[in-house]
Q: 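My questions will all concern the structure given below.
Reckoned from all heavy atoms, side chains included, excluding hydrogens, waters and symmetry mates. So that the names make sense, note that chain A is the first sequence line, chain B the second, and so on, each numbered from 1.
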Amino acid sequence: MHSDRLDAQRLTHTYGTGDAAAPALADVSITIGAHGPEAVAIMGPSGSGKSTLLHVLAGIVAPDDGRVAWRGRDLATMRDGERTRLRRSDFGFVFQSGQLLPELPAIENVALPLMLGGGSRTGAEAAAGALLHRLGLGDMLTRRPGELSGGQAQRVAIARALVGSPGIVFADEPTGALDRSTGDAVMSLLIGATLGHGASLVVVTHDPEVAAMCSRVVRLQDGRIVSDEPAASAAPPSYGAVRGERVANPARDALQQTWIEASR
Amino acid sequence: MSALRLWLRLARAIGPRATDVLSATAFAFATAALLAVLGGVEAFRMRLETGVVDASSGAFVLTLAFVAAALLLPAVWTLAQAAVRLAVARRDDRLAALRLAGATRGQVTALAVLDALAQAVVGVLVGAMLALAVTPGLARIEFQGQPFGPTELLPPVWVWAAAGGAVVAIAVGAALASLRRVHVTPLGVAQRVRPRRLSLWRAAGFALAAAAYVVVVVLDLVPKETAVSIALVSIVVLAYTLLGPLVIQGVAWLVAKGARSPATLLAARRVVDDPRGAFNIVGAMAIAVMAGGFASLAPAMAGGTDQLSADMATGAALTIAIAGVLGAVLAGIAQSAKVLDQRREHQAMHRMGVDLPVMRAAIVQQVALPLVIGVGGAAGAALLLILPTFMLWMSSPGSVLTWALLTLGAAAVTLAVTSAALPLVRRVATEAAPA
């Protein structure tokens, strides 16, 4: 059994109380990374509970009922501070608009998780710089988020998510604010780099093209999982899965493959 | 629906929030400080006019009172601006939603102005009561050899009305200015870019003004007393607008470069990002501390018997105290507004595993850093410049000790009030994200 395994059993979560109660998750069970790193897309219409599921899996929101275990350890048994440290050390995050810290230049944004983990500033910036170079952002190290394009900012966010060598990366609509071609490139990089680092990826999206790039697609409706199957056009879950057989895009696939190989 | 009716309906539905109370508190302190300062100036003027005091020393004390007022008034203005910013920061989502729902820019502007107006009016009324409450205490302080009668320190009715009107006008003006940045488009959240570097022309401007002053003095163009007044007021205004933010930005940049802890890095980068905001909190305090350092030496130099020098030391101490209170309230309000302004960043930091104590430490250090640079620097400079008179201090240490304790007290109170913003960090960072 793979050690970087996230197990969620019978998750239930409701927003509000009484008449205003809105169930977001109803008896959801899911396992990520059971057989090695995989890219899992969580799809569903607005209000289906996708983002809530992501937040519960990542230990940001505590479910009303059910259990989430990371590497066999129940998140509910951890103290708040312990869960925060877990998110910093074992998880990585990429959000729709990057959510980089606007005051910090790119290199400091990426170095921050390592510094928070107790790393030295020099070591953290060296690691961050190397990663940004590999992501093609070598000449953007001192740029602030407001001076980067949407695609560049998302690549910085990917670097920030991966710099601590997490076991799993959570992404919430990571291409939602990008145009199609930039979004495709970012998604390829996100999947390739994450799997290349030996981490699993959980990506919330309502874009079928993004989902098709993943190895597995979980569909939610009204807070319940209605299907959980390999992506229609994807190979079985493995590093190779991210190449997919969907619309041919040699440049994107070459970039993704190069990254996977470089990351190994 | 008219903007007024919509505003009344929303006000009834939502009720006052914590930020409304904070804003009104800031307006109250701004009003009370304004009334206290104007009351003091008016009292000195009346003493001079009615011949209660000696004409030449009375005129000099009145000039110093004007200088103190000139020093404190920008702090009052900044405090009122911060109050409005806090109110608008919490409302920009609602204002944007109203714009999306079809409200015109004019209607949204009217709503925000009505919000600011309501808070300012409440603040002015509370501030007037606060001024009345502290007047008996202030009246006990002896100036010109005699304490004030409480009625002496109460300015005429027209001054009260003008002060209240000025605070309300500042509120409305600042609300309009804030909205230009906040709700231009229904979806508009301003994108941050590299902070505009403060130009080195500031330093050149300062040098030019200092040179002009030297020329005026050397050529004996104006009477000596007037030259002193010009110098003091110029230092206040120029330091305030030209040099302070530049120095703070430069030192914060160096601190950011060498920062080892994430909290210091974040705090220093934020100060680099907004050096004017940082300086606004400490500027009045810094100048009051610097001037107070010199003034506190006056009694020692005069052998402890001269009334004028005692008045200078007392006035300087009072100015530091008022500047300290204004700075402290401003720090609390400004940091609360910043936490609310940066709620998305705080949420992102919480999700990616930044500990709440790190976020809180960054908020405190954002004030501590300019405080050390501005007030610490001013105190250090004053000490250095009066060092040659060390033996005089030792012979009459009372006023210098008072100055040192007030300086430390003002800094401590500022940091203590800043901590009022800290509970907001958890609330904002852990706020549930939409499903």
Q: Give the ring-plane orientation class for A:F170 versus A:F91, where under 30° counts as parallel, over 60° as perpendicular and anything between as tilted.
A: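 Ring orientation, 0 to 90° scale: perpendicular.
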Q: Tell me, side chain or backbone of B:A256 under 4.5 Å from chain A's heavy atoms, or both, or neither?
A: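 Contact with chain A is through the backbone of B:A256 alone.
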Q: Side chain to side chain contact (heavy atoms under 4.5 Å, CB included) with B:W253: which of B:V271, B:I248, B:V272?
A: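 Looking at B:V271, B:I248, B:V272, the match for B:W253 under the side chain to side chain contact (heavy atoms under 4.5 Å, CB included) is B:V272.
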Q: Parallel, tilted or perpendicular, judged at 30° and 60°: which one describes the rings of A:F93 and A:F95?
A: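 Rings of A:F93 and A:F95: parallel, as their planes differ by under 30°.
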Q: Flag the pair A:E82 and A:R73 as a salt bridge only when some basic side-chain nitrogen lies within less than 4.0 angstrom of an acidic carboxylate oxygen.
A: yes
Q: Does A:R144 come within less than 4.0 Å of B:D273, counting only side-chain N to carboxylate O?
A: yes
Q: For a quick test of reading the model, state the closest non-hydrogen atom pair linking A:V204 to A:P174 and the distance between them.
A: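 Heavy atoms of A:V204 and A:P174 come nearest at O-CD, 3.9 Å.
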Q: For the residue pair A:L132 and A:A159, what are the closest heavy atoms and their distance?
A: CD2-CB, 3.9 Å
Q: Can you tell me which of A:P105, A:A161, A:S120 forms the most heavy-atom pairs within a distance under 4.5 Å of chain B?
A: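 So the answer, after comparing A:P105, A:A161, A:S120, is A:P105.
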Q: Provide the closest heavy-atom pair for B:T418 versus B:A331 in the form atom of the first, atom of the second, distance.
A: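 Heavy atoms only, the tightest pair is OG1-CB, 3.5 Å.
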Q: Sort by residue number and list every residue of residues 106-114 of chain A having at least one heavy atom under 4.5 Å from chain B.
A: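 At a heavy-atom separation under 4.5 Å, chain B is reached by A:E108, A:L112, A:P113.
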Q: May I ask you to name which of B:D355, B:V358, B:L356 has the most heavy-atom pairs under 4.5 Å with chain A?
A: B:D355
Q: At a 4.5 Å cut-off on heavy atoms, which part of B:V354 comes close to chain A: side chain, backbone, both, or neither?
A: both
